[in-house]
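Whatever order the structure lists ligands and atoms in, that order sets their numbers, starting from 1. No experiment lies behind these values; they were computed from the predicted model shown.
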Amino acid sequence: MSDQKRVLSCIQPTGNLHLGNYFGAVKNWVDLQSSYQCFYGIVDYHAMTMPYNTKKLRNQSWDLIVDLVSVGIKPENLFVQSLIPEHAELGWIFNCFASVGRVSNMTQYKDKSQTVSEKAKDTFISVGLFDYPVLQAADILIYKADFVPVGDDQDQHLELTREIADRFNFNVGKDYFVLPKTLHTKTPRIKSPADPERKMSKSAGEKHVIGVFAEEARIRKQIKSAVTDVGIQTDGQMSLGVENLFELMRAAGSEDFDGLMSDYEAGTLKYSALKDATADTLVKLTTGFIEKKAEILENKKELKYKIKQSSAEIRKVAQETLLEVKDLVGLMNVKF
Ligand code: AMP
């Protein structure tokens, strides 16, 4: 295996790629491929933690794979979590090294469980939703990843991953697992255009996400109606809505950024000009992606074959770790 440092990151197949995913994580994934050994997972086990449609999940995974390859992820770096069952097995082992107290404190669990009404909680909040940060620790540690490029919504989960690794190492009396570090992009949190006080997120609903492959007219409409006058910050700082538009422009590499920022500082910025420039930059970026996606879709069968192959290759790394872990914790570690 290569002696390059390892990078691991994952994404849930719960809908198409949006600009929050892209600027917060995936753009970085693309760039890291030239300097690191990269493992990027479609984590379909995680997509089962909230109520979901069993008839759609598999297609959602394939659709997301097409999206990721269209924006520049190499197929050989991609794997599907459910094709590598060792993740779930290591997750079980980690369940026995993670404390209920720490896992209960995860804010994502609290946030997501709040989306379900009090009355429905007993039926709809699954143990999987509670436990998924432990499975996430397994996703990362099974590849002994050095770096995990994610948005800042994942910081707390990374902290838990390091704690589990530390506790495991202490219990087996060996520095077996590397403690992985987070890698943030310059845009760790893209906000919703419709409500800039919340992050851009699929779970918030359609109007809160701008799709990476959305049609030009839709992108222009969403930016035109982007909220600019909420989230006014104290001490005269820019409102969260305006900041978000500048963030999107900067992240997408707009040449108009500096000029419009000077206008803002001089107090002469017209929001319509900011919105037009933001929409232009985003449309320019996404048009290239849409073209690439059309090409890939012509050969979807070949891509599916490649992903099954890459998952099988990546699985070998996971199997090796799991055998070592079973040995260290006193389980049977026979290689069949
Ligand atoms: P998810 O869609 O929750 O599976 O997230 C996939 C990746 O996208 C993770 O690394 C998240 O941290 C990142 N991400 C999701 N939403 C945003 C956002 N609004 N801003 C920045 N990063 C995000």
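Nearest-heavy-atom check against atom 20 (N) of ligand 1 across D155, V26, I190, V148 picks out I190. In this structure, of G20, S192, A251, the residue bringing a heavy atom nearest to atom 18 (C) of ligand 1 is G20. The option with the heavy atom closest to atom 11 (C) of ligand 1, from among D153, T14, V150, is D153.
Contact record, N77 with Q33: ND2-OE1, 3.0 Å, taken as the closest heavy-atom pair. When all heavy atoms of S104 and Y109 are compared, the pair lying nearest together is O-CD2, 4.4 Å. Across every non-hydrogen atom of N244 and P193, the tightest pair is ND2-N, 4.4 Å. Residues H87 and Y143 share a closest heavy-atom pair of NE2-OH, 2.9 Å.
Atoms of ligand 1 found under 4.0 Å from any heavy atom of G151 (numbered from 1 in listed order, with element): 10 (O), 11 (C), 12 (O), 22 (N). With ligand atoms numbered from 1 in the order given, ligand 1 contributes 7 (C), 8 (O), 10 (O) to contacts under 4.0 Å with heavy atoms of A25. Each of the atoms 20 (N), 21 (C) of ligand 1 lies under 4.0 Å from some heavy atom of R189. With ligand atoms numbered from 1 in the order given, ligand 1 contributes 12 (O) to contacts under 4.0 Å with heavy atoms of Q154. Near K202, meaning under 4.0 Å from one of its heavy atoms, ligand 1 places the atoms 2 (O).
Within a 4.0 Å radius of atom 3 (O) of ligand 1, the protein has no heavy atom.
Of the protein's non-hydrogen atoms, P188 O, 3.1 Å is the one closest to atom 21 (C) of ligand 1. Looking at atom 8 (O) of ligand 1, its nearest protein heavy atom turns out to be N21 ND2, 3.3 Å.
No donor-acceptor pair closer than 3.5 Å links the side chain of Q154 to the backbone N or O of P149.
Of the polar atoms of K199, none of the N or O atoms is found under 3.5 Å from an N or O of ligand 1, judged by distance alone. In terms of N/O distances under 3.5 Å, ligand 1 is approached by Q12. At a 3.5 angstrom cut-off on N or O pairs, P149 does not count as close to ligand 1. Between T187 and ligand 1, a contact under 3.5 Å exists for no N or O pair. For the pair I11 and ligand 1, the shortest N or O to N or O distance does not fall below 3.5 Å. For ligand 1, one of its N or O atoms has an N or O atom of M200 under 3.5 Å away.
Annotation: F79 is not in aromatic contact with Y40 [ring centroid separation under 6.0 Å not met]. If you look at Y264 and F257, their ring centroids are not closer than 6.0 Å.
Ring-plane geometry between H157 and Y132 is classed as perpendicular, the angle between the planes exceeding 60 degrees on a 0 to 90 degree scale with a lower cut at 30.
At least one heavy atom of H18 sits closer than 4.0 Å to an atom of ligand 1.
A side-chain donor from one of N95 and D131 sits under 3.5 Å from a side-chain acceptor of the other.
If you take OG1 on T161 and CG on D166, they are separated by 12.0 Å, rounding to the nearest 0.5 Å. How far CG of L322 is from CD of E89: 4.5 Å, rounded to the nearest 0.5 Å.
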